[in-house]
Number of protein chains: 2
Amino acid sequence: MTAYVTHLESAIDGTHLEAGTIQTMHNDRPLWVRYDLDAVRDNMTKEMVQQRPATIWRYRELLPPENDASIVSLGEGMSPILQLTRLGQHLGLSDFWVKDESQLPTGTFKSRGLCMAVTMAHEFGIERVAIPTAGNAGGAMAAYAARAGMEAYVFMPADTPAINQYECAMAGAHVYLVNGLINDCGAFVKAGQADMGWFDVSTLKEPYRIEGKKTMGLELAEQFNWELPDVILYPTGGGTGLIGMWKAFNELREMGWLNSENMPRMVVCQSEGCAPMVRAFEQGERFADFFENAATIASGLRVPAAVGDFMIMDTVRESGGTAVAVEEARIREWMALAASLEGVSVGPEAATCVGAAEQLVADGWIKPDERVVFYNCGASQKYPHVMATELPLLEKGQAIDWSQFGR
Amino acid sequence: MTAYVTHLESAIDGTHLEAGTIQTMHNDRPLWVRYDLDAVRDNMTKEMVQQRPATIWRYRELLPPENDASIVSLGEGMSPILQLTRLGQHLGLSDFWVKDESQLPTGTFKSRGLCMAVTMAHEFGIERVAIPTAGNAGGAMAAYAARAGMEAYVFMPADTPAINQYECAMAGAHVYLVNGLINDCGAFVKAGQADMGWFDVSTLKEPYRIEGKKTMGLELAEQFNWELPDVILYPTGGGTGLIGMWKAFNELREMGWLNSENMPRMVVCQSEGCAPMVRAFEQGERFADFFENAATIASGLRVPAAVGDFMIMDTVRESGGTAVAVEEARIREWMALAASLEGVSVGPEAATCVGAAEQLVADGWIKPDERVVFYNCGASQKYPHVMATELPLLEKGQAIDWSQFGR
């Protein structure tokens with residue numbers, strides 16, 4: 001098929017750029033991918049979508065590749081939407097849901113964005129990609145690069161969780177640990193660009209990761225029969241998903257696919273250990289200052305400076321949303337709460353959404369009967385150092401006083 | 001809806017037992033669930049199935065719960081089927097595929113079986129479940145028990161991978177480590193049964209885990225447009241999936257849903273470190289001796305005695321299959337091969353299938369153009385101790401000789 005992309009558009013000043021060729025940023029700020037939505041509406045129906053396989057590619061006409069042959073897929077999407085009755089009750093919410101992104105390739109929602117970035121790189125004939133990453137993005141990039149037969153380079157802070165390091169190496173990426181932070185890793189990617197000729201797939205430094213993350217919003221709309229929830233709680237690091245979902249909702253609205261005018265209030269959830277977006281929101285700023293001494297066990301939220309800060313702030317404000325920083329010390333508690341009440345493997349990033357829900361219900365900002373959805377962006381299983389706990393040890397054949405057992 | 005289950009049937013002697021009530025084993029051997037397949041055929045069509053959500057529940061009429069309200073779900077299935085062109089080429093196969101079970105709740109195919117066991121326990125009003133486990137089954141049981149609001153007890157060898165221990169604890173299960181093997185854990189489950197009144201959901205000790213695993217076969221058939229592949233390579237510990245798939249294929253055949261008479265040759269894949277089924281197959285036995293000193297990094301294959309041994313052997317022989325033990329020392333190499341050539345996070349258990357393919361192609365037992373599928377039963381990310389590797393460390397701002405980089 002042919003893509004319905006018309007052009008790319010600078011998010012900072014609206015300048016149009018040509019699609020169909022390699023683009024990165026404009027004035028050091030991200031680009032939007034724009035579509036001929038009238039043509040999409042004429043050529044794609046809800047019935048068509050519903051009959052296609054349950055992957056992100058069911059929304060093909062709203063996605064950027066020109067040729068189907070470019071698609072690099074590991075079977076990503078669609079992730080389940082699960083009602084959380086018990087956890088909702090605990091929080092004082094009667095209509096509480098999770099979209100469980102742990103059930104994707106490499107166990108996190110990073111697969112959506114990197115699937116699209118690698119697909120488009122593949123379409124443009126790129127054979128070598130690089131990324132600075134402090135968490136799951138590296139594993140997702142390495143996997144999709146391997147699937148495409150591309151060479152991959154990953155630069156990670158030396159204290160990146162071990163599983164993230166190893167999954168990149170297993171997928172054949174060239175992995176370098178850096179005694180520093182993610183911006184120091186970014187410096188290596190920049191420094192090597194001329195000699196190595198690699199394409200940088202950092203968050204929002206190319207236009208297509210947003211389009212991949214957008215599918216979280218498309219799936220949500222379809223799963224709720226084209227009616228959007230009242231509130232979306234989103235664990236926000238670089239914010240690509242928040243931005244991408246808002247874009248998806250607006251595209252669907254423009255296409256007339258939504259059954260209700262109701263648009264969700266978008267909520268940025270961060271840990272107090274790294275809350276640049278919350279601070280900017282509270283100060284009424286559109287651009288966020290660098291967050292010094294960023295420290296949180298939710299490694300995906302350890303993003304002290306986001307190149308899409310203004311896009312995040314615009315989304316939150318346009319939607320009538322808010323931004324919440326939760327207590328770092330309670331992250332593990334919220335993970336355990338979600339897992340023990342509902343069986344969902346909520347990672348530390350998404351645990352901040354549970355904390356934010358608690359706070360926003362208490363404040364009256366969320367009403368008890370509103371439909372609220374949060375995103376579980378990655379499987380807790382990738383964070384053994386966060387889950388670690390001491391367990392009782394029995395000797396084999398040991399006599400047990402069973403009356404000591406149980407709750 | 002109403003279930004189409006007619007009765008349970010002893011796998012060892014054909015005795016009929018009543019469905020609709022709690023059952024465990026008969027003469028210490030497993031039970032089959034039997035359906036009125038004529039009635040299923042009259043009430044379920046392929047078109048109906050294809051329009052239902054992409055979970056294992058799309059095959060509702062071939063599954064055991066009497067009431068939909070009993071269903072305990074975390075959005076399990078359907079897992080993607082991915083063609084592996086590059087890995088196939090490396091192995092000398094032109095039509096090679098993986099069914100990627102890593103994209104399920106808790107990251108492994110154990111979710112299928114435990115989803116069904118917990119669903120049926122829930123239907124029968126059971127409020128407390130227990131399991132001995134040396135790997136991923138514990139995490140899956142704990143998650144589904146939490147989702148059902150049941151109390152869960154898990155007994156694991158003290159050397160069970162840390163992630164498996166922690167995921168159970170996070171999901172609120174009472175976890176006990178045992179200084180011994182899985183049979184020592186089983187002894188605790190048995191010893192506590194009278195006092196604790198828990199229901200034992202061990203592999204094949206209740207009838208429904210097979211029905212959950214059966215869905216791997218149903219999905220495969222549907223994904224290949226109701227034509228089965230020539231060969232299925234299956235990483236075999238307790239063997240529930242192998243048995244369950246063969247049952248699924250026979251049910252589909254009896255219903256007339258298969259477009260071809262071709263039934264796959266089922267291949268047991270084990271590590272030489274624990275290969276009781278391979279040994280029994282080679283000796284022409286139907287029952288397998290206990291495998292002494294079982295040791296393999298593929299923790300899910302560390303099953304020295306399987307209660308369903310004769311069902312595994314019957315399946316392999318009926319299907320014209322075989323059984324292969326691969327080199328323990330090469331497991332990590334096969335994981336890396338699959339991950340680096342295809343981006344699939346193949347766990348150590350499934351890596352034995354890559355080794356088996358290599359061997360069976362070399363032997364001429366598999367022809368180069370046959371359609372061959374293997375099952376990736378769990379995400380490599382749950383095995384950091386197997387993936388562990390040393391990586392180069394850079395100091396920030398360090399000058400790099402880029403000509404040293406690359407392959």
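All figures in this text were calculated on a predicted structure; none of them were measured in a lab.
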With a 4.5 angstrom heavy-atom cut-off, could you sort out which part of A/Asn179 is near chain B: side chain, backbone, both or neither? both
Enclosure of B/Lys46 NZ (heavy-atom neighbours >12, cutoff 6.0 Å): yes
Any chance you could lay out the side-chain contact (heavy atoms from CB on, under 4.5 Å) test for A/Ile163 and B/Ile163, step after step, and finish with the verdict? CA-CA 11 Å; A/Ile163 293 176; B/Ile163 293 176; 3.7 Å; yes
Please tell me if the side chains of A/Met335 and B/Met170 come closer than 4.5 Å, counting only heavy atoms from C-beta onward. yes
What part of A/Gln83 gets within 4.5 angstrom of chain B, counting heavy atoms only: side chain, backbone, both, or neither? backbone
Please examine the side chains of B/Ser345 and A/Thr106, heavy atoms only from C-beta on, and report whether any two atoms are closer than 4.5 Å. yes
Does any backbone or side-chain atom of A/Ala148 lie under 4.5 Å from a heavy atom of chain B? Answer side chain, backbone, both or neither. backbone
Using a 4.5 angstrom heavy-atom cutoff, name the option from B/Ala54, B/Gly343, B/Ala191 with the most pairs to chain A. B/Gly343
For A/Gln398, is it the side chain, the backbone, both, or neither that has a heavy atom closer than 4.5 Å to a heavy atom of chain B? both
Do B/Lys396 and A/Asn183 have side-chain heavy atoms sitting under 4.5 Å apart? no
Select, from B/Val344, B/Leu337, B/Leu341, B/Asp184, the one with the greatest count of heavy-atom pairs under 4.5 Å involving chain A. B/Asp184
Only residue of B/Tyr176, B/Phe188, B/Trp198 satisfying ring pair (Phe, Tyr, Trp, His ring centres under 6.0 Å) with A/Trp402 is B/Trp198
Sorted by number, residues from residues 376-394 of chain A in contact with chain B (heavy atoms, under 4.5 Å): A/Gln381, A/Lys382, A/Pro384, A/Met387, A/Ala388, A/Thr389, A/Leu391, A/Pro392, A/Leu393, A/Leu394
Looking only at heavy atoms, the pair that brings B/Ala146 and A/Ser340 closest together is CB-O, 3.4 Å
Filtered by a 4.5 Å non-hydrogen cutoff, the part of residues 96-104 of chain A contacting chain B is A/Gln103, A/Leu104
Considering only heavy atoms and a distance below 4.5 Å, find which of B/Gly192, B/Ala169, B/Ala187, B/Ser79 pairs most often with chain A. B/Gly192
Considering only heavy atoms and a distance below 4.5 Å, find which of B/Gln51, B/Gln165, B/Glu76 pairs most often with chain A. B/Gln165
Mark yes or no for whether A/Arg86, through its side chain, and B/Arg147, through its backbone, hold a donor-acceptor pair below 3.5 Å. yes
Among B/Gly75, B/Ala143, B/Gly180, B/Ala171, which residue has the highest count of heavy-atom pairs closer than 4.5 Å to chain A? B/Ala171
Below 4.5 Å from any heavy atom of chain B, which atoms of A/Gln50 appear? Answer side chain, backbone, both or neither. neither
